[in-house]
K.L.:
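Structure incoming, see below.
Positions are given from 1 along the sequence.
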Amino acid sequence: EELPVYPLYRDPIHDFGFMRFDPGALRFMEVGEVPLDPKAAQVGIEIRVVGNDSGEKISILAGTLARLDRDAPTYSSRGFNDFNTFYLQAASGT
């Protein structure tokens with residue numbers, strides 16, 4: 001089932017975005033919620049990474065959390081740098 005989506009936010013540095021859609025327009029699916037709990041992250045926990053990889057329409061990759069203490073990257077002394085966030089590093093078998 002496909003619905004129109006509308007972009008709310010796009011992050012070109014990290015290649016992700018937030019989209020809005022009308023869940024009332026779904027006819028064949030029930031909408032669920034994915035709870036986020038960063039405090040429950042532990043090294044060795046199995047995760048799924050959802051996105052578009054290598055031009056595919058959608059991919060869901062399995063991975064394992066490898067580090068919890070990764071510093072936010074410094075991209076440039078004059079450009080964009082991350083702040084007020086946390087980073088988790090994962091390893092995948094792909």
Side-chain angles (χ1 to χ4, degrees):
E1 182 164 11
E2 293 185 12
L3 292 176
V5 297
Y6 307 96
L8 298 175
Y9 173 77
R10 178 180 173 265
D11 186 322
I13 301 292
H14 300 97
D15 193 23
F16 77 90
F18 293 104
M19 309 293 242
R20 179 175 44 108
F21 72 98
D22 178 9
L26 287 169
R27 297 183 335 186
F28 306 109
M29 295 177 61
E30 288 187 34
V31 177
E33 185 176 306
V34 177
L36 302 177
D37 187 6
K39 293 180 182 176
Q42 306 171 35
V43 170
I45 196 169
E46 189 174 315
I47 62 166
R48 298 291 182 268
V49 180
V50 179
N52 297 321
D53 189 28
S54 301
E56 296 178 20
K57 188 170 184 178
I58 189 168
S59 62
I60 302 172
L61 303 174
T64 304
L65 284 184
R67 287 181 57 182
L68 304 179
D69 60 346
R70 182 173 173 213
D71 292 333
T74 301
Y75 299 104
S76 158
S77 61
R78 295 175 291 154
F80 174 84
N81 289 303
D82 285 333
F83 62 94
N84 193 25
T85 189
F86 61 90
Y87 276 77
L88 305 175
Q89 181 173 335
S92 72
T94 60

K.L.:
Let me check something: do L3 and L8 share a hydrophobic cluster, defined by ILVMFWY side-chain heavy atoms less than 4.5 Å apart, either directly or through other members?
P.N.:
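Shared cluster, no.
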K.L.:
How long is the span from the CD1 atom in I45 to the OG1 atom in T64, to the nearest 0.5 Å?
P.N.:
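These two atoms lie 10.0 Å from each other.
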K.L.:
Can you tell me which residue pairs pass the salt bridge (charged side-chain N to carboxylate O under 4.0 Å, His left out) test with a partner in residues 22-50, sequence neighbours excluded?
P.N.:
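The answer is E46-R48.
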K.L.:
Which residues pass the ring-ring contact (aromatic ring centres under 6.0 Å, His included) test with F18, not counting sequence neighbours?
P.N.:
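For F18, the residues satisfying ring-ring contact (aromatic ring centres under 6.0 Å, His included) (neighbours in sequence not counted) are F16.
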K.L.:
Might you point out which heavy atoms bring L65 and A41 nearest each other, and give the distance in Å?
P.N.:
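Of all heavy-atom pairs spanning L65 and A41, the closest is CD1-CB, 3.8 Å.
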K.L.:
Consider only side-chain heavy atoms of I, L, V, M, F, W and Y, link residues closer than 4.5 Å, and tell whether Y9 and F21 are in one cluster.
P.N.:
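Each belongs to a different hydrophobic cluster.
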K.L.:
Applying side chain to side chain donor-acceptor pair (under 3.5 Å), can you list everything that pairs with E2, at least two apart in sequence or on another chain?
P.N.:
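Once residues adjacent in sequence are excluded, the partners of E2 under the side chain to side chain donor-acceptor pair (under 3.5 Å) criterion are K57.
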